Peer 1: 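So that we are looking at the same thing, I have put the structure below in structure tokens.
When reading the values below, keep in mind they use all heavy atoms of this one structure, side chains included, and skip hydrogens, waters and symmetry mates. These numbers were taken from a predicted model, which means no experiment stands behind them.
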Amino acid sequence: MKKHLRHLGLALGLSTALSLSAQQAPSTSYVDLVNPLVGTQSDFTLSSGNTYPIISRPWGMNSWTPQTGKMGDGWQYSYQATKIRGFKQTHQPSPWINDYGQFSLLPQTGKKPLFDEDKRASWFSHKAEEARPYTYEVYLADYDTRVRLAPTERAVVFEVEFSKQAPAEERWILIDAFDSDSELQQKDSRTLVGISRKHSGGVPRGFANYFVVRFTQPIRSVVREVRRGKGGKHALLAVNLSESKEPTTTFYVASSFISPEQAMTNLQEVNHRSYTEVRAEGRAVWEKELSRIAVTDSEERMKTFYSCLYRSLLFPRRFYEISPKGEVLHYSPYSGEVRPGYLYTDTGYWDTFRALMPLIHLVYPEEGAKMAEGLMNAYRESGFFPEWASPGHRDCMVGNNSASVITDAYLKGLGKIDPKELISALLHGANTEHPTIRSTGRLGYKYYNELGYIPSDIGINEHAARTLEYAYDDWCILQALKKAGAGEADLALYRQRALNYRKLYDPSLGWMRGRKKDGSFQSPFSVFKWGDAFTEGNSLHYSWSVFHDIQGLIDLMGGDKAFTQKLDSIFTLPPIFDDSYYGFVIHEIREMQIMDMGNYAHGNQPIQHMIYLYDYAGEPWKAQHWVRRVMDKLYSDRPDGYCGDEDNGQTSAWYVFSALGFYPVTPALGQYAIGTPYFREVRLRLPEGRELLIKASETKHPYIQSVQFNGKSWDKTYLDYAELLKGGTLSFTLGDQPSRWGTQPDARPYSFSRE
């Protein structure tokens with residue numbers, strides 16, 4: 001997802017440990033299998049994830065990262081870089097969206113502190129760097145200084161081991177509050193307070209991040225530098241601390257979006273605690289969350305899996321704070337007010353409605369419940385559900401996919417949701433345009449409601465993509481209307497709108513195509529053209545975006561055989577593309593081109609569910625083949641471990657689901673299409689102490705020969721959410737040749753046309 005268009009305290013449970021042989025048992029904890037540097041070998045022209053090392057708690061409000069890029073650079077950490085400019089508090093969901101609530105610190109030595117970000121930068125090596133989800137440690141070679149940090153949800157503890165060669169008066173800690181009218185001042189003999197106002201959009205007037213830095217030693221001297229620019233003051237400050245008998249210097253940092261006083265409250269998460277203590281606590285928290293899915297396999301496979309699961313537990317981030325009285329509060333980036341209750345941010349639902357949010361709803365339902373309540377708060381405070389939030393509404397991507405996310409939570413009983421308010425919010429979002437943010441609400445809804453599609457000749461880009469996603473979102477709204485007991489008129493209307501995808505199918509081409517206002521098809525038109533009618537893809541990618549009615553799509557395409565031949569063609573075609581809409585080869589195109597998988601573009605989201613569609617057309621063995629091929633070929637635990645943008649956990653969540661052996665093709669449905677299991681054994685911890693054990697006879701080969709669920713033969717190519725929640729044992733027998741398993745017509749997953 002990018003914006004070219006807009007420019008593991010718990011180890012295995014005893015029962016699990018006893019079930020594993022000594023040879024199989026992991027040699028370390030789950031969290032220590034995670035590599036936060038996966039996907040950091042990226043740039044504007046070619047993404048291997050476009051990630052950065054997020055040092056945080058799961059869904060933490062504040063994250064920390066070593067900063068190798070310049071101030072304001074979305075690529076704030078690059079694996080190829082050789083120098084560190086600072087250690088940065090960050091809230092960045094992607095390099096394309098960039099950051100907010102940001103400032104940095106850098107220990108250094110010398111007679112005078114260096115403020116210039118290029119001059120102060122220190123050489124470092126990955127050989128002298130340790131990155132874990134709960135800690136980051138590195139050796140700053142130019143200063144002969146070691147830095148260690150460990151965060152909580154809203155604070156962090158630093159431990160600095162200065163060079164023994166540097167006298168006390170030459171040891172500095174620099175705080176850079178960044179430009180855009182920042183502030184820094186000394187509060188008392190041990191404390192600094194500051195304000196960072198730098199952001200990249202999505203905030204109201206008066207937005208600020210208030211932060212506090214508290215030292216365990218008295219401040220001996222301060223050197224300030226204030227620069228002036230277009231955005232106002234750029235405050236920098238360096239402190240020299242009184243000499244201490246301790247071999248290391250410890251200091252604490254916390255911030256708040258609510259007030260300076262709340263920042264002091266948030267500081268109590270780390271104040272008076274050692275780096276070792278906070279690090280151990282963070283490790284235990286991560287271990288607890290990662291161990292919800294306990295897998296055993298080769299170390300390389302486990303590293304890839306848990307690195308993906310880690311990425312799945314970072315966004316959307318908690319954007320709420322706890323008052324001194326224990327109240328849950330949040331600063332609203334929509335209204336600028338401080339409001340009660342939960343709020344989450346830093347996610348684009350165009351990406352994450354597909355797999356990331358369904359994964360949270362299945363494996364972490366208590367977090368999903370709070371996220372759902374946060375979505376309702378966002379609606380109350382802005383009049384709309386967010387489609388891309390960072391921290392408030394951002395103009396990015398297409399669709400009305402918040403409808404999928406909130407409907408899925410509602411249907412699964414997650415969160416305290418008033419049905420009447422939910423329906424009002426859903427219908428408002430489906431029949432309104434946001435006054436300033438084109439991606440929020442439904443751009444072109446009047447045309448869509450009248451014609452059943454967004455025309456190609458009215459000046460709205462990505463019109464076909466919008467139409468296809470609106471049709472799915474209408475099906476989601478229909479499901480919410482049903483549960484809420486809506487009247488037949490509303491149900492009939494959204495039943496009709498859920499079939500609007502049919503309006504774009506061109507039988508002469510056999511693919512989806514833009515349509516003009518007069519009803520004629522868009523011309524000229526090429527199925528290989530990226531952008532224009534579609535979003536970061538072409539018709540070969542987007543024609544499959546009928547998440548709720550694959551049988552209806554099969555019927556349009558001429559039946560099972562014609563449908564599977566079209567699926568096959570995506571892999572057998574050469575990587576032909578037309579980049580004329582952009583005027584250059586965007587990185588998503590290049591990533592498709594170089595992977596040697598034809599026109600299959602797994603590096604971007606629109607096509608990621610496509611492989612599972614073989615289940616709907618009687619050839620599930622092809623889904624098994626291609627799922628395994630993608631997992632083996634396109635993912636790893638290395639800095640180039642992704643084949644495109646990771647995107648807030650979506651590409652990671654695809655891997656996590658696929659490793660379990662199933663995937664939510666229709667996200668707001670209690671059903672998962674079966675692929676093939678990746679591990680010999682998986683233990684999935686479910687609510688109320690239940691457990692689902694997923695076993696495979698072997699994993700060398702992907703082809704399912706038979707399936708048993710709780711001792712009974714299972715011939716369907718899908719699994720039900722309600723049945724999975726009961727727990728039990730799901731057993732797969734795999735082999736080296738395709739079988740007839742799952743090929744009978746009644747084995748197929750849900751389709752709206754068959755309802």
Peer 1: Going by the angle between their ring planes, with limits at 30° and 60°, are H234 and F178 parallel, tilted or perpendicular?
Peer 2: perpendicular
Peer 1: Under 4.0 Å between a Lys/Arg side-chain N and an Asp/Glu carboxylate O for R85 and D176?
Peer 2: no
Peer 1: Could you name each residue pair satisfying salt bridge (Lys or Arg N to Asp or Glu O under 4.0 Å) that touches residues 356-374, not counting sequence neighbours?
Peer 2: R292-E366, R318-E367, E367-K370
Peer 1: Decide yes or no on salt bridge (Lys or Arg N to Asp or Glu O under 4.0 Å) for R146 and E159, but give the supporting numbers first.
Peer 2: CA-CA 8 Å; R146 292 165 182 83; E159 184 178 82; over 6 Å; no
Peer 1: Just to verify, what does K325 make a side-chain contact (heavy atoms from CB on, under 4.5 Å) with, not counting sequence neighbours?
Peer 2: S323, E327
Peer 1: With the threshold set at 4.0 Å, does a side-chain nitrogen-carboxylate oxygen contact exist between R57 and E153?
Peer 2: no
Peer 1: What orientation do H434 and F384 show, parallel under 30°, tilted 30 to 60°, or perpendicular over 60°?
Peer 2: tilted
Peer 1: Determine the interplanar angle of the F215 and F251 rings, folded into 0 to 90°, and report it as parallel if under 30°, tilted if 30 to 60°, perpendicular if over 60°.
Peer 2: tilted
Peer 1: Using the ring centroid of each side chain, check whether F319 and Y344 are separated by less than 6.0 Å.
Peer 2: no
Peer 1: For E387, run the side-chain hydrogen bond (donor to acceptor under 3.5 Å, both in side chains) check against N400, T440, T347 and tell me which one passes.
Peer 2: N400
Peer 1: Of F87, Y136, F158, which meets ring pair (Phe, Tyr, Trp, His ring centres under 6.0 Å) against W64?
Peer 2: F158
Peer 1: Check whether the ring centres of H91 and Y100 lie less than 6.0 Å apart, and answer yes or no.
Peer 2: yes
Peer 1: Could you note down all residue pairs passing salt bridge (Lys or Arg N to Asp or Glu O under 4.0 Å) where residues 227-256 supplies at least one of them, sequence neighbours left out?
Peer 2: E225-R227
